[in-house]
There are 2 protein chains.
Amino acid sequence: MRRDIFQAVADPTRRAIIALIALQAMTPNAIAENFNTTRQAVSKHLRILTECELVKQEQKGREIYYSLEIDKMKEIDKWIEQFRKIWETRFNQLDQVLATIKKNKK
Amino acid sequence: MRRDIFQAVADPTRRAIIALIALQAMTPNAIAENFNTTRQAVSKHLRILTECELVKQEQKGREIYYSLEIDKMKEIDKWIEQFRKIWETRFNQLDQVLATIKKNKK
DNA sequence: TATTTGCGAAACCGAAAAGTTGCATATATA
DNA sequence: TATATATGCAACTTTTCGGTTTCGCAAATA
């Protein structure tokens, strides 16, 4: 069981679930209605998402509402940041090259 | 074969390879030296990364240099963006709440 | 109280993935 | 030219993953 956030996000259904519950909490049944799978399959995805703390539960009677733990998503953003730095640097360099060309044309 | 960028990035070894070749191109042998796996395993990872266009090759004699296709990483960033919006909004809301508390204290 | 509903957990299955081994090919080098 | 080196590719094995089915439990409802 690897259960890290990148592995959790690798599955397209789980990404869809994440997007679905990002703004409002939903029950497993309600979530499952949006997909071509059974409630149990969704339940399994939710367990994986819960295990890596991407999702939190709130029990209301016999219903359980799942919602996104948005802060956890920042971990992915944090990993991406190192690459963002690279492409921003390159963009600035390209920008300078273009500026130089423009200057020389005058 | 799913071969999408999220599945590619799910593997920790592949993430390490990506980080390794982000700044300078490297040969499979040189990359493999950084891990506890065989060259063939690394080669397989590189193939997967190449297939989803995260990595590009440059042949030099009998050596092949692999480097990161940084633009492709933007796809992950793009997906994260929708959530960044959410947490930034919440942060601003929290900020307002704090400002209001401060104001009322005066 | 009996039945329905919402849910998680375990057992099972088929497909896919990750790693290993062995081999083929092309480029260096002695 | 013979050998060593760098690499990719295919076959095979083991593990993991996603899904379904079945079950049990608790809460709602008739």
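The figures that follow rest on heavy atoms only: side chains count, while hydrogens, waters and symmetry mates do not. Order of the sequence lines fixes the chain letters, A, B, ..., with proteins taken first and strands second; residue numbering starts at 1 for each chain. Bear in mind the structure is a predicted one, so any value in this text is a computation, not a measurement.
Looking at the side chain of R62(B), the nearest of the listed nucleotides dG19(C), dT20(D), dA4(D) is dA4(D). Candidate nucleotides dC7(C), dA17(C), dT21(D) were compared by shortest atom distance to the side chain of Q7(B), and dA17(C) ranks first. Comparing dA17(C), dG6(C), dG8(D) by their nearest atom to the side chain of R3(B) picks out dA17(C).
Going from atom CZ of R47(A) over to atom P of dA10(C) covers 7 Å, rounded to whole Å. Here dG8(C) presents its C1' atom at 15 Å from NE2 of H45(A), a figure rounded to the nearest Å. When the C1' atom of dT20(D) is taken as reference, atom CG of N36(A) falls 15 Å away, rounded to whole Å. For the pair Y65(A) OH and dG6(C) P, the interatomic distance rounds to 10 Å; values are reported in whole Å. In this structure, K60(B) places its NZ atom 16 Å from P of dT27(C), rounding to the nearest Å.
Pairing each heavy atom of E53(A) with each of E69(A), the nearest pair is O-CB, 3.4 Å.
Sequence order on DNA chain D of the closest nucleotides to Q40(A) and R14(A) puts R14(A) first from the 5' end. The 5' end of DNA chain D is approached more closely, in terms of each residue's nearest nucleotide, by R39(B) than by the other of R39(B) and G61(A).
The pair K72(A)-E75(A) meets the salt-bridge criterion, with a side-chain N (NZ, NE, NH1 or NH2) lying under 4.0 Å from an Asp/Glu carboxylate O.
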(request) Take K74(A) and D77(A) through the test salt bridge (charged side-chain N to carboxylate O under 4.0 Å, His left out) and record every step on the way to the result. (result) CA-CA 5 Å; K74(A) 291 183 186 174; D77(A) 193 58; over 6 Å; no
